[in-house]
Peer 1: 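Next up is a structure, given as structure tokens.
Residue numbers run from 1 in the order of the sequence given.
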Amino acid sequence: MKIKESKVDKVFDVILFIILTAVLLIAAYPLYFVIIASISDPTAVAGGDVVFTPIGLTVDGYKEVFENKKVVGGLLNSLFYTAVGTCLNLFVTIPTAYALSRRQFAGKKFVMCFYMVTMFVSGGMIPTYLVVKSFGMLDTMWALIVPGALSVYNMIVARTFFESSLPEELWEAARVDGCGHFKYFVKVALPLSKAIIAIMVLYYGIGHWNNYFSALLYMKTEAKYPLQLVLRGILIQNEAALAQQVTTAAAQEAMQKQQALVEQMKYALIIVSSIPVMILYPFIQKHFVKGVMIGSVKG
């Protein structure tokens with residue numbers, strides 16, 4: 001039977017709906033504005049005429065971006081770095097978190113303290129660079145993947161999930177059936193941990209996709225640059241060209257058009273760099289609220 005709501009409950013629901021809708025609009029409008037600005041006349045955007053609908057539809061910004069071969073190469077590089085890096089992150093993080101979540105693991109407090117120290121004490125940029133250099137990883141893909149193979153914060157999140165979502169009764173039942181830790185991890189723990197694995201994929205994947213500072217430090221060959229570093233280079237190059245002094249009227253007019261195109265390219269670059277994340281997130285978001293352990297233990 002449907003529960004009858006009081007007037008106070010109805011008023012509260014209405015107020016809550018209004019507040020959440022306002023928060024949604026505030027959060028979503030900047031992204032919407034970037035989308036319509038990327039396909040609008042740059043002059044209209046600069047003049048503040050573009051607010052809710054695009055004006056003077058044009059895709060010159062996107063054409064300029066995708067006609068640049070460096071963008072396509074950077075996109076492929078970023079996809080490769082993200083895929084390989086995330087796989088390595090999962091291979092290291094999930095087993096580590098599972099092991100530290102087991103009560104039978106002797107000395108886990110000491111190991112956990114060792115990991116915790118690294119969250120607060122870091123060697124810094126120069127020592128890290130020297131370590132990467134000493135391992136011969138400069139100007140290689142491994143410089144963007146190996147140093148960040150394990151995030152202690154993400155490992156703690158995964159460990160907490162294993163501790164709270166894998167009841168000890170499951171391990172005891174598996175042990176009675178002759179299951180060891182490795183088999184239990186592969187056959188029982190992993191199938192019941194799709195939610196935390198999906199979340200780790202999201203966390204690590206976004207980190208790799210948005211990473212450009214490591215490439216700025218360790219990469220020398222432009223052909224190996226990730227997309228973010230390529231986009232940064234395009235913007236700097238265009239802005240440097242705009243900074244040149246011009247004297248003739250024709251040159252000034254051409255410079256103004258170029259400046260408008262650069263402004264439109266900025267919005268287009270934001271969309272291009274955000275599309276993979278926007279495509280990935282809807283498939284993973286459901287795991288934030290999904291109760292994967294419901295019904296796994298009876299009695």
Peer 1: Tell me the closest heavy-atom pair linking Ser165 and Pro167, and the distance in Å.
Peer 2: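 Residues Ser165 and Pro167, closest heavy atoms: O-CD, 3.3 Å.
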Peer 1: Going hydrophobic residue to hydrophobic residue with side-chain gaps under 4.5 angstrom, can you get from Leu76 over to Met219?
Peer 2: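 Looking at the clustering, Met219 is in a separate group from Leu76.
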Peer 1: What's the separation between atom CD in Glu168 and atom CH2 in Trp171, rounded to the nearest 0.5 Å?
Peer 2: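 If we round to the nearest 0.5 Å, Glu168:CD and Trp171:CH2 are 8.5 Å apart.
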Peer 1: So how far is it from Thr118 OG1 to Tyr115 OH, rounded to the nearest 0.5 Å?
Peer 2: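 If I round to the nearest 0.5 Å, the distance is 8.5 Å.
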Peer 1: Using side-chain contact (heavy atoms from CB on, under 4.5 Å), reason through Tyr267 and Phe33 one step at a time and then give a plain yes or no.
Peer 2: CA-CA 9 Å; Tyr267 295 111; Phe33 176 79; 4.0 Å; yes
Peer 1: Below 4.5 Å, heavy atoms only, C-beta onward: do Val131 and Met137 meet side chain to side chain?
Peer 2: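 Val131 vs Met137: side chains apart.
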Peer 1: In Å, rounded to the nearest 0.5 Å, how long is the span from CG of Asn154 to CD1 of Ile94?
Peer 2: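 Spacing of CG (Asn154) from CD1 (Ile94) equals 9.0 Å.
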Peer 1: Is there a side-chain contact between Trp209 and Gln228, using heavy atoms and a 4.5 Å cut-off?
Peer 2: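 A side-chain contact exists here, since the closest heavy-atom pair is under 4.5 Å.
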Peer 1: Side-chain contact test, heavy atoms from C-beta onward, threshold under 4.5 Å: evaluate it for Leu75 versus Val230 and give yes or no.
Peer 2: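 They are not in side-chain contact.
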Peer 1: What closest approach, in Å, do Ala97 and Phe162 show between heavy atoms, and which atom pair accounts for it?
Peer 2: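 Looking at all heavy atoms of both residues, the closest pair is C-CD1, 3.8 Å.
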Peer 1: Looking at CZ of Phe161 and CD1 of Ile199, how far apart are the two atoms once the value is rounded to the nearest 0.5 Å?
Peer 2: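 CD1 of Ile199 is found 7.5 Å from CZ of Phe161.
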Peer 1: Can you name the closest pair of heavy atoms from Val186 and Pro191 and give their distance?
Peer 2: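 Where Val186 meets Pro191 most closely, the heavy atoms are O-CD, 3.4 Å.
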Peer 1: To the nearest 0.5 Å, how far apart are CG in Leu150 and CZ in Phe91?
Peer 2: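 Spacing of CG (Leu150) from CZ (Phe91) equals 12.5 Å.
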Peer 1: Going by the side chain to side chain donor-acceptor pair (under 3.5 Å) test, name the single residue among Thr86, Asn89, Thr93 that passes it with Tyr204.
Peer 2: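 Of Thr86, Asn89, Thr93, side chain to side chain donor-acceptor pair (under 3.5 Å) with Tyr204 is met by Thr93 alone.
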Peer 1: Closest heavy-atom contact between Gly85 and Ile145?
Peer 2: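 Closest approach of Gly85 to Ile145, heavy atoms only: CA-CG2, 3.7 Å.
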Peer 1: Do Asn77 side-chain atoms and Gly73 backbone N/O form a donor-acceptor pair below 3.5 Å?
Peer 2: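 Between the backbone of Gly73 and the side chain of Asn77 there is a qualifying donor-acceptor contact (under 3.5 Å).
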Peer 1: Does Tyr29 have more than 12 heavy atoms from other residues, nucleotides or ligands lying within 6.0 Å of its OH?
Peer 2: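 More than 12 within 6.0 Å, yes.
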Peer 1: List the atom of Met155, the atom of Thr96, and the distance in Å for their closest heavy-atom pair.
Peer 2: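 Minimum heavy-atom contact is CG-CG2, 4.0 Å.
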Peer 1: Please lay out, stage by stage, how Asp139 and Thr221 fare under the test side-chain hydrogen bond (donor to acceptor under 3.5 Å, both in side chains).
Peer 2: CA-CA 7 Å; Asp139 203 27; Thr221 305; 2.7 Å; yes
Peer 1: What I'd like to find out is whether the side chain of Ile36 reaches to under 4.5 Å of the side chain of Thr53, using heavy atoms alone.
Peer 2: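 They are not in contact (no side-chain heavy atoms under 4.5 Å apart), so the answer is no.
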Peer 1: Using modelled atom types and a 3.5 Å cut-off, is there a donor and acceptor pairing between side-chain atoms of Ser214 and backbone atoms of Leu144?
Peer 2: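 No, because the side chain of Ser214 does not come within donor-acceptor range (under 3.5 Å) of the backbone of Leu144.
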Peer 1: Please check if atom CD1 in Ile126 has more than 12 non-hydrogen atoms from other residues, nucleotides or ligands closer than 6.0 Å.
Peer 2: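 No.
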Peer 1: Kindly determine whether Leu217 and Phe213 satisfy side-chain contact (heavy atoms from CB on, under 4.5 Å), including the steps that lead there.
Peer 2: CA-CA 6 Å; Leu217 291 177; Phe213 189 69; 3.5 Å; yes
Peer 1: Write down the atom of Leu90, the atom of Pro95, and the distance for their closest heavy-atom approach.
Peer 2: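 That closest heavy-atom pairing would be O-CD, 3.5 Å.
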Peer 1: Is Leu100 linked to Phe182 within one hydrophobic cluster, defined over Ile, Leu, Val, Met, Phe, Trp and Tyr using a side-chain heavy-atom separation of less than 4.5 Å?
Peer 2: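 Leu100 and Phe182: one cluster.
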Peer 1: Quick one: do Val157 and Phe114 end up in the same hydrophobic cluster if we chain Ile, Leu, Val, Met, Phe, Trp and Tyr together by side-chain heavy atoms under 4.5 Å apart?
Peer 2: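 No, Val157 and Phe114 fall in different hydrophobic clusters.
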Peer 1: Same cluster or not: are Tyr129 and Met125 linked, directly or through other Ile, Leu, Val, Met, Phe, Trp or Tyr residues, by side-chain heavy atoms under 4.5 angstrom apart?
Peer 2: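 Per the 4.5 Å side-chain linkage, Tyr129 and Met125 are co-clustered.
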Peer 1: Tell me, with the steps shown, if Lys183 and Lys187 meet side-chain contact (heavy atoms from CB on, under 4.5 Å).
Peer 2: CA-CA 6 Å; Lys183 190 173 182 179; Lys187 298 290 187 179; 3.8 Å; yes
Peer 1: One pair to check against side-chain contact (heavy atoms from CB on, under 4.5 Å): Tyr218 and Lys224. What are the steps and the verdict?
Peer 2: CA-CA 11 Å; Tyr218 307 133; Lys224 299 179 182 178; over 6 Å; no
Peer 1: Rounded to the nearest 0.5 Å, what's the gap from CZ on Arg102 to CG on Leu166? Could you check?
Peer 2: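 Between Arg102 CZ and Leu166 CG, I get 6.0 Å after rounding to 0.5 Å.
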Peer 1: Inspect the surroundings of CZ in Phe12 and state if more than 12 heavy atoms from other residues, nucleotides or ligands are less than 6.0 Å away.
Peer 2: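 Counting neighbours around CZ of Phe12, 12 or fewer heavy atoms of other residues, nucleotides or ligands fall under 6.0 Å, so no.
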Peer 1: Side-chain heavy atoms under 4.5 angstrom apart, residues restricted to Ile, Leu, Val, Met, Phe, Trp, Tyr: same cluster for Val72 and Tyr62?
Peer 2: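 No, because Val72 and Tyr62 fall into different hydrophobic clusters, even though each may have its own neighbours under 4.5 Å.
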